[in-house]
Engineer: 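This structure is in structure tokens; I'll ask about it shortly.
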Amino acid sequence: MLQQTPVARVLPVWRQWLDRWPEPAALAADEPGEAIRMWGRLGYPRRALRLHGCATALVARHGGQVPDDLAELLDLPGVGAYTARAVAAFAYRQRHPVVDTNVRRLVARVVAGRPDGGQTTTGADLAATEALLPAEPADAAAASAAFMELGALLCTARSPQCGACPLGSRCAWRAGGEPLPTAPSRRPQRYAGTDRQVRGELLAVLREAPGPVPRAELDVVWPDASQRERALATLLDDGLVERHPDNRYGLAGSATTKPPPDPAGSGGGPRR
DNA sequence: GATTCGTGGGT
DNA sequence: TACCCAAGAAT
């Protein structure tokens, strides 16, 4: 949930989520569509699907437990370099570099004197961060937590508070006069009008509906029919949405949630 | 390595 | 208003 999403926005959803599914087996036993529904408006809904897939994999491969081996963690759906190492380090106290966007920026500044980190974590980022870790695994985990907090609270992207930073004069970026980024080089990140927004609108209808809805209920969310088609097609392709035999649409695998009265008697569609 | 994938709050 | 940017992962 925390992937590319501010902590404050995650917290309420996370609490409801764990209240409903306290352990992987509980989530795995429910429909993936219910995970999408509970995801709410956190964004990147494929993460909900992957989290459900992750729970399923944990049950199938690891007896419902979260493994402590880095390679096994990396094999889980939705678990990448950051999450796998965060779990191994924070939950199991292993010595791994934990590199998120905050640590990437912090290390870029402190070590390399650059104004910002890259968009994605590279092998060089992992190596540079690993070099900063104490030898003792428990201390390394504490240091990783400290790096993340430092990057998130003081060494921020916009307005870093260098005066309050405990690293003080040991920072190469500060020593270099805190040079600003040379080129903007950031992609335009507009959202309004994109297929992303249309996907979001379509999914919002399906989340709020108790079960599959007729096509007409999806058609009202966006005026451009061709863009609507495209967005719906990608949702189907991602496995977030299912088309039922009666030409209604619903969240993946959630056809069981009390379908409305069906005169045609086709039921909620077959389930496996 | 570069792109794509949502959403909302801060500046 | 417009833009930035979040505890990234998959392709």
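Keep in mind that what you see is a predicted model, and the values were worked out from it rather than measured. Residue numbers start from 1 in every chain, and the chains themselves are labelled A, B, ... in the order their sequence lines are given, proteins ahead of strands.
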Engineer: Are A:Thr101 and C:dA6 close enough that a side-chain N or O sits under 4.0 Å from OP1 or OP2?
Structural biologist: yes
Engineer: What distance, rounded to whole Å, do you find between the two C1' atoms, one in B:dG6 and one in C:dC4?
Structural biologist: 15 Å
Engineer: Under the criterion side-chain hydrogen bond (donor to acceptor under 3.5 Å, both in side chains), which of A:Arg95, A:Arg85, A:His96 is the partner of A:Glu130?
Structural biologist: A:Arg95
Engineer: Measure from CZ on A:Arg105 to P on C:dA7 and round the result to the nearest Å.
Structural biologist: 8 Å
Engineer: What nucleotide, of C:dG8, C:dA7, B:dT11, holds the atom closest to the side chain of A:Glu149?
Structural biologist: C:dA7
Engineer: When we call it a touch if two heavy atoms are under 4.0 Å apart, what does A:Leu203 touch: a base, just sugar-phosphate, or nothing?
Structural biologist: nothing
Engineer: With a 4.0 Å cut-off, would you call A:Glu208 and A:Arg41 a salt bridge?
Structural biologist: no
Engineer: Give the C-alpha distance, both sets of side-chain angles, the deciding distance and a yes or no for side chain to side chain donor-acceptor pair (under 3.5 Å) between A:Trp222 and A:Gln227.
Structural biologist: CA-CA 8 Å; A:Trp222 200 259; A:Gln227 192 174 14; 2.8 Å; yes
Engineer: Main chain of A:Gly78, side chain of A:Gln3: is a donor-acceptor contact present, judged purely on distance under 3.5 Å?
Structural biologist: yes
Engineer: When you compare C:dA7 with B:dT11, how far apart are their C1' atoms, in angstrom units rounded to a whole number?
Structural biologist: 22 Å
Engineer: To the nearest angstrom, how far is A:Leu240 atom CG from B:dT7 atom P?
Structural biologist: 11 Å
Engineer: From the options C:dC5, B:dG8, C:dA7, select the nucleotide whose nearest atom is closest to the side chain of A:Arg41.
Structural biologist: B:dG8
Engineer: More than 12 heavy atoms of other residues, nucleotides or ligands under 6.0 Å from CD of A:Gln65: is that the case?
Structural biologist: no
Engineer: Can you check side chain to side chain contact (heavy atoms under 4.5 Å, CB included) on A:Tyr249 and A:Val205, steps first, answer last?
Structural biologist: CA-CA 10 Å; A:Tyr249 294 82; A:Val205 170; over 6 Å; no
Engineer: Check the side chains of A:Asp237 and A:Thr234 for a donor-acceptor pair under 3.5 angstrom, ignoring hydrogens and angles.
Structural biologist: no
Engineer: Which residue lies toward the 5' end of DNA chain B, A:Ser159 or A:Thr122, if each is placed at its nearest nucleotide?
Structural biologist: A:Thr122
Engineer: Students often get this wrong, so: under 4.0 angstrom with heavy atoms, is A:Arg104 touching a base, only sugar-phosphate, or nothing?
Structural biologist: nothing
Engineer: Nearest-Å distance, OH (A:Tyr191) to C1' (C:dA6)?
Structural biologist: 15 Å
Engineer: Could you measure between the two C1' atoms, the one in C:dA9 and the one in B:dG1, and give it in whole Å?
Structural biologist: 15 Å
Engineer: Expressed as a whole number of angstroms, how long is the span from A:Asp100:CG to C:dA7:P?
Structural biologist: 7 Å
Engineer: When we call it a touch if two heavy atoms are under 4.0 Å apart, what does A:Ala157 touch: a base, just sugar-phosphate, or nothing?
Structural biologist: sugar-phosphate
Engineer: Within the 4.0 Å heavy-atom criterion, would you say A:Arg9 contacts the bases, only the backbone, or no part of the nucleic acid?
Structural biologist: base
Engineer: In whole Å, I'd like the distance from the CZ atom of A:Arg207 to the P atom of B:dT7.
Structural biologist: 6 Å
Engineer: Under 4.0 Å, counting only non-hydrogen atoms across every strand here, what does A:Glu201 touch: a base, just sugar-phosphate, or nothing?
Structural biologist: nothing
Engineer: With no hydrogens and no angle check, is any side-chain donor or acceptor of A:Glu23 less than 3.5 Å from a backbone partner on A:Gly64?
Structural biologist: no
Engineer: Rounded to the Å, how far apart are A:Arg190 CZ and B:dT7 C1'?
Structural biologist: 16 Å
Engineer: Need one value for A:Thr5: base, sugar-phosphate or nothing, where a base atom within 4.0 Å counts as base even if backbone is also close, heavy atoms only.
Structural biologist: base
Engineer: Would you list the protein and nucleotides 9-11 of chain C atom pairs, both N or O, that sit under 3.5 Å from each other?
Structural biologist:
from: C:dA9; atom 1: OP1; to: A:Gly80; atom 2: N; distance (Å): 2.9
from: C:dA9; atom 1: OP1; to: A:Thr83; atom 2: N; distance (Å): 3.0
from: C:dA9; atom 1: OP1; to: A:Thr83; atom 2: OG1; distance (Å): 2.6
from: C:dA9; atom 1: OP2; to: A:Ala81; atom 2: N; distance (Å): 3.4
from: C:dA9; atom 1: OP2; to: A:Tyr82; atom 2: N; distance (Å): 3.1
from: C:dA10; atom 1: OP1; to: A:Gly78; atom 2: N; distance (Å): 2.6

Engineer: Could you check how far CZ of A:Arg47 sits from P of C:dA7, rounded to whole Å?
Structural biologist: 12 Å
Engineer: Out of B:dG6, B:dG10, C:dA7, which nucleotide sits closest to the side chain of A:Arg158?
Structural biologist: B:dG10
Engineer: Which is true for A:Arg199 with a 4.0 Å heavy-atom rule: it touches a base, it touches only sugar-phosphate, or it touches nothing?
Structural biologist: sugar-phosphate
Engineer: Without decimals, in angstroms, what is the distance between A:Leu235 CG and B:dG6 P?
Structural biologist: 7 Å
